[in-house]
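Presented below is the structure to which this report refers.
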Amino acid sequence: MQEQKIKDILATFEPITLEEMDSVKLMDRTDTKFVFSFDQLPGILEAIRPYYRALEISGTRVSKYETLYYDTDDFNLYQRHHCGKMNRYKIRSRKYVESDLHFFEVKYKNNKGRTIKNRIKTKEIERELTEKTRRMLADNTNIPPDSLKAKLWVNYSRITLVNKQSAERLTIDIGLHYITEHKRSDHQNLVIAEVKQDKASSSSPVISVLREKRIKEGSMSKYCFGVITLFDEVKKNNFKLKIRHINKITYAA
């Protein structure tokens, strides 16, 4: 029932196409994250409807994403995040299901708090890096390609909203689930919202609504949460408070 309610509300938003969204790609940006329960989403969407357009692809406004993340054997990329280090990377292959597009992506968080993303088209999600993606990795990072292994599937559905007045995108991820060769973990009650802007701004309509609803800024990356959830051997002490908060939301349904 709730999922249908979400779709009904989204149907009342003004639409935007992928081509129209080109002007707000925001490949170099600031990100502000929030996590909250699925039950809160309908009210939030209703409140922000006048200010945003909804991305529509192949007749749908809730798009499926399939993403394979890479890391070293000892989870070095995860560990840098856990230690709070800047100048860190996430490396992934992603499929946009409705549009049947595949990309290999390098996401870089610099020491000024900005997120810079580079990507190239691929034929499919790559379980083993090809010459093309190895070259792209070498051009954009100092990570030896041979050190990376496919580690974790992070799959979910995404709602993408675009601010009518400013260079801002809002992504809302639902139906999150993680998969490894031997394990799976589902988090149906969890919503991860990310406000993506050219410059951090308190004037964002959605940030104002979330603050009114006493939903505090803060989250951990979907990848890091997945690693913590499915890999017992990694360090997680620095994430304990965030894990507790996310688990409280996840298991409150």
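- For the atom pair Leu45 CG and Lys5 NZ, the distance stands at 10.5 Å (nearest 0.5 Å).
- The one candidate from Val206, Val191, Ile44, Thr160 that meets the side-chain contact (heavy atoms from CB on, under 4.5 Å) condition with Ile172 is Val191.
- Here Thr12 pairs with Arg49 under the side-chain hydrogen bond (donor to acceptor under 3.5 Å, both in side chains) rule; sequence neighbours left out.
- With sequence neighbours excluded, no residue forms a side-chain hydrogen bond (donor to acceptor under 3.5 Å, both in side chains) with Arg80.
- Taking OG of Ser204 as the start and CZ of Arg211 as the end, the distance is 8.5 Å to the nearest 0.5 Å.
- Taking a 6.0 Å sphere around NZ of Lys149, one finds it holds more than 12 heavy atoms contributed by other residues, nucleotides or ligands.
- Taking the side-chain hydrogen bond (donor to acceptor under 3.5 Å, both in side chains) definition, one finds that Arg135 meets it with nothing, sequence neighbours left out.
- Taking the charged nitrogens against the carboxylate oxygens, Asp186 and Arg184 do have a contact shorter than 4.0 Å, which makes a salt bridge.
- A salt bridge does not link Lys95 with Glu124: every distance from a Lys NZ or Arg NE/NH1/NH2 to an Asp or Glu carboxylate oxygen is 4.0 Å or more.
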For residues 65-73, tabulate all N or O donor-acceptor pairs below 3.5 Å that involve a side-chain atom, not counting sequence neighbours.
{"residue": "Thr67", "atom": "OG1", "partner": "Arg94", "partner atom": "NE", "Å": "3.0"}
{"residue": "Tyr69", "atom": "OH", "partner": "Arg92", "partner atom": "NH1", "Å": "3.1"}
{"residue": "Tyr70", "atom": "OH", "partner": "Ser93", "partner atom": "OG", "Å": "2.8"}
{"residue": "Tyr70", "atom": "OH", "partner": "Glu126", "partner atom": "O", "Å": "2.2"}
{"residue": "Asp71", "atom": "OD1", "partner": "Asn76", "partner atom": "N", "Å": "3.2"}
{"residue": "Asp71", "atom": "OD1", "partner": "Leu77", "partner atom": "N", "Å": "2.9"}
{"residue": "Asp71", "atom": "OD2", "partner": "Tyr78", "partner atom": "N", "Å": "3.1"}
{"residue": "Asp71", "atom": "OD2", "partner": "Tyr223", "partner atom": "OH", "Å": "2.8"}
{"residue": "Thr72", "atom": "OG1", "partner": "Asp74", "partner atom": "OD1", "Å": "2.6"}
{"residue": "Thr72", "atom": "OG1", "partner": "Phe75", "partner atom": "N", "Å": "3.3"}
{"residue": "Thr72", "atom": "OG1", "partner": "Asn76", "partner atom": "N", "Å": "2.8"}

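- Separating the CG atom in Asn140 from the NZ atom in Lys117 is a distance of 13.0 Å, to the nearest 0.5 Å.
- Residues that satisfy the side-chain hydrogen bond (donor to acceptor under 3.5 Å, both in side chains) test with Asn238, not counting sequence neighbours, are absent from this structure.
- Across all non-hydrogen atoms, the minimal contact from Leu41 to Ile159 is CD2-CD1, 4.4 Å.
- For Tyr51, the OH atom sits in a loose shell: 12 or fewer heavy atoms of surrounding residues, nucleotides or ligands are nearer than 6.0 Å.
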Problem - Verdict with reasoning, Phe239 to Phe225, per ring-ring contact (aromatic ring centres under 6.0 Å, His included) - result: CA-CA 9 Å; Phe239 285 148; Phe225 183 51; 9.7 Å; no
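- Contacts classified as salt bridge (Lys or Arg N to Asp or Glu O under 4.0 Å) and involving residues 215-231 (residues at least two apart or in different chains) are given here: Asp173-Lys222.
- In summary, the aromatic rings of His187 and Tyr178 are positioned with their centroids under 6.0 Å apart.
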